[in-house]
Amino acid sequence: MRPETIAVHAGRPSEGPLSPPVVLASNFRGIGYTREEGSPTWEALESAIGALEGGETVAFSSGMAATAAIVERLPAGARVVGPAVAYTGVRRLLSEREATGHIELESVDMTDTGAVERAVGGAALLWVETPTNPMVGIAELDRLIEAAHEAGAEVAVDTTFATPLLQRPLELGADIAMHSATKFIGGHSDLLLGIATARDPARAETLRHVRGTIGATPGALEAFLALRGLRTLAVRLERGSASAAVLAERLAAHPAVSTVHYPGLPSDPGHERAQRLMDGFGAMLAFEVAAGADAAQAVAERVRVFVHATSLGGVESLIERRRRYAAEVAPDALLRVSVGIEHVEDLWEDLARALGPE
């Protein structure tokens, strides 16, 4: 079956209710705590994502919990090659682990294939984020995985922006695929949950052990909502991606905009890579306002259909100037945009009005 069909049908019970119920239990007769033994509600979600990714999935309380578990498995002093441009929480986690001596960290631009290939020698882990947050850059994932494995490094890939429908890193040879299911998979801005899927069942079991040890388990309701969100991911992502393409093209022609970052544009540096490695260009874009940071902030505050808020991947379109966070690595006037399922003309009229006359 194709991924869109798997997303609808995987993880359903073989008998009884069509949809897995919410099982609100901390323990079971004769087994033990769900923290260590699992829950039917988590397992349904894990089964569905595992079928999509082609591996064994472990669900966590958040994307950051999944990230922390992947790093936690490493021996003290392990060398990690991580992304210079990525989600702030991941960069902060890796930096803090380096500061405490847990890992040795080298941060590299993941869109610079040669730089990554030169850096992976002696590494225990290569952590890749693609498309990158917030710049929507595209890593040459197949080459990075090959280089890392030749150097003896494990490869973990955060492809939250793409979702398992647009990119499946395990098919390219990655060891772990990670998603913040809070975003597109959940799709309604009403849950926190993380997903890690491993090609090797033994690696998945290690992640499951870490999850139970540190207590990073997902809530039953959150797992239920994430699985329900997965069922509509294909139609939501199709609508958001189509609208993102229209908005990116129009923004690129607007005089108030200096740069648009969207791999669907033929002029984008990641366009050919995305065409080759992904099944679509996605619903995330970013653009820079020519008049600078204050003007960009004003645009974010003037929108009425877009929501001026953080996060991404929900049914509602979101816009945010990422450099309002001091730790963010991005141009001062960059606005990150998550395109939802509203009518594209309403979205464009909102942006055009906020940007000012052409």
Side-chain angles (χ1 to χ4, degrees), residues 53 55 60 63-162 167-180 194-200 203-204 206-207 210 269-270 273-274 276-278 327-330:
E53 294 277 21
F60 290 84
M64 284 306 305
T67 303
I70 293 168
V71 176
E72 184 69 24
R73 303 165 308 120
L74 299 174
R79 186 164 180 275
V80 175
V81 176
V85 178
Y87 175 54
T88 306
V90 171
R91 291 188 293 104
R92 181 171 61 243
L93 172 74
L94 294 176
S95 294
E96 289 178 357
R97 291 296 187 271
E98 181 186 39
T100 59
H102 183 181
I103 64 170
E104 175 190 332
L105 175 65
E106 181 173 355
S107 297
V108 182
D109 177 1
M110 290 295 149
T111 66
D112 186 339
T113 302
V116 177
E117 289 174 335
R118 291 188 293 274
V120 291
L125 173 67
L126 171 64
W127 182 279
V128 184
E129 182 180 284
T130 182
T132 63
N133 185 0
M135 302 297 291
V136 204
I138 305 298
E140 203 167 7
L141 196 51
D142 53 349
R143 283 187 57 184
L144 300 191
I145 292 169
E146 181 181 8
H149 284 167
E150 286 180 355
E154 178 183 69
V155 182
V157 182
D158 178 350
T159 188
T160 295
F161 275 24
Q167 188 162 63
R168 291 169 295 281
L170 302 191
E171 293 181 359
L172 296 173
D175 300 292
I176 300 173
M178 195 285 282
H179 296 269
S180 172
I195 290 291
T197 303
R199 277 195 305 140
D200 179 3
R203 188 173 278 115
T206 301
L207 290 169
V210 174
R273 292 178 180 179
R276 183 169 63 85
L277 297 169
M278 297 173 64
E328 185 61 276
V329 178

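Being a predicted model, the structure only gives us computed values, none of them experimental.
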[X] [atom1] to [Y] [atom2] distance, which is reported to the nearest 0.5 Å:
{"X": "Gln167", "Y": "Leu277", "atom1": "CD", "atom2": "CG", "value": "6.5 Å"}
{"X": "Leu141", "Y": "Met278", "atom1": "CG", "atom2": "CE", "value": "10.0 Å"}
{"X": "Ile103", "Y": "Glu96", "atom1": "CD1", "atom2": "CD", "value": "10.5 Å"}
{"X": "Ser180", "Y": "Phe161", "atom1": "OG", "atom2": "CZ", "value": "10.0 Å"}
{"X": "Asp142", "Y": "Glu171", "atom1": "CG", "atom2": "CD", "value": "12.5 Å"}

- [ ] List the steps and the verdict of side chain to side chain contact (heavy atoms under 4.5 Å, CB included) for Arg118 and Val116.
- [x] CA-CA 5 Å; Arg118 291 188 293 274; Val116 177; over 6 Å; no

Taking every non-hydrogen atom, the tightest pair across [X] and [Y]:
{"X": "Val85", "Y": "Pro134", "answer": "CG1-CD, 4.3 Å"}
{"X": "Pro131", "Y": "Thr159", "answer": "CD-OG1, 4.2 Å"}
{"X": "Arg97", "Y": "Val71", "answer": "CG-CG1, 4.2 Å"}
{"X": "Ala196", "Y": "Leu207", "answer": "CB-CD1, 4.0 Å"}
{"X": "Thr160", "Y": "His179", "answer": "OG1-CA, 3.5 Å"}

TODO: Mind checking salt bridge (Lys or Arg N to Asp or Glu O under 4.0 Å) for Glu104 and listing every partner two or more places apart, or none if nothing turns up?
DONE: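 For Glu104 the salt bridge (Lys or Arg N to Asp or Glu O under 4.0 Å) partners, ignoring immediate neighbours, are Arg79.
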
- [ ] For Arg143, check salt bridge (Lys or Arg N to Asp or Glu O under 4.0 Å) against everything at least two apart and list the hits.
- [x]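 Once residues adjacent in sequence are excluded, the partners of Arg143 under the salt bridge (Lys or Arg N to Asp or Glu O under 4.0 Å) criterion are Glu117, Glu140.
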
Could you go through residues 119-129 and list every donor-acceptor pair under 3.5 Å that involves a side-chain atom there, pairing it with any protein atom two or more places apart or in another chain?
{"from": "Glu129", "atom 1": "OE1", "to": "Tyr87", "atom 2": "N", "distance (Å)": "3.0"}
{"from": "Glu129", "atom 1": "OE2", "to": "Tyr87", "atom 2": "N", "distance (Å)": "3.3"}
{"from": "Glu129", "atom 1": "OE2", "to": "Asn133", "atom 2": "N", "distance (Å)": "2.6"}

Task: Ile176, Thr206, Asp158 screened by side-chain contact (heavy atoms from CB on, under 4.5 Å) with Ile70, the one that passes - done: Ile176

Open item on the list: Using the rule side-chain contact (heavy atoms from CB on, under 4.5 Å), only one of Thr113, Val157, Val155 pairs with Leu144; which is it?
Closed with: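 For Leu144, the side-chain contact (heavy atoms from CB on, under 4.5 Å) check succeeds only for Thr113.
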
- [ ] Apply the test side chain to side chain contact (heavy atoms under 4.5 Å, CB included) to residues Val90 and Leu94: give CA-CA distance (whole Å), side-chain angles for both, the deciding distance (0.1 Å), then the verdict.
- [x] CA-CA 6 Å; Val90 171; Leu94 294 176; 4.2 Å; yes

Task: Stepwise side chain to side chain contact (heavy atoms under 4.5 Å, CB included) check, Met178 with Ile195 - done: CA-CA 6 Å; Met178 195 285 282; Ile195 290 291; over 6 Å; no

If the condition is side chain to side chain contact (heavy atoms under 4.5 Å, CB included), which residues does [X] pass it with, not counting sequence neighbours?
{"X": "Ser107", "answer": "Ala84, Leu105"}
{"X": "Ala177", "answer": "Glu53, Pro169, Leu170"}
{"X": "Arg91", "answer": "Ala86, Thr88, Glu328, Val329"}

Open item on the list: For a side chain to side chain contact (heavy atoms under 4.5 Å, CB included) check, start with the C-alpha distance between Glu154 and His149, then their side-chain angles and the critical distance, and finish with the verdict.
Closed with: CA-CA 7 Å; Glu154 178 183 69; His149 284 167; over 6 Å; no

Open item on the list: Can you confirm whether Arg203 sits close enough to Asp175 that some side-chain heavy atom of one is under 4.5 Å from a side-chain heavy atom of the other?
Closed with: yes

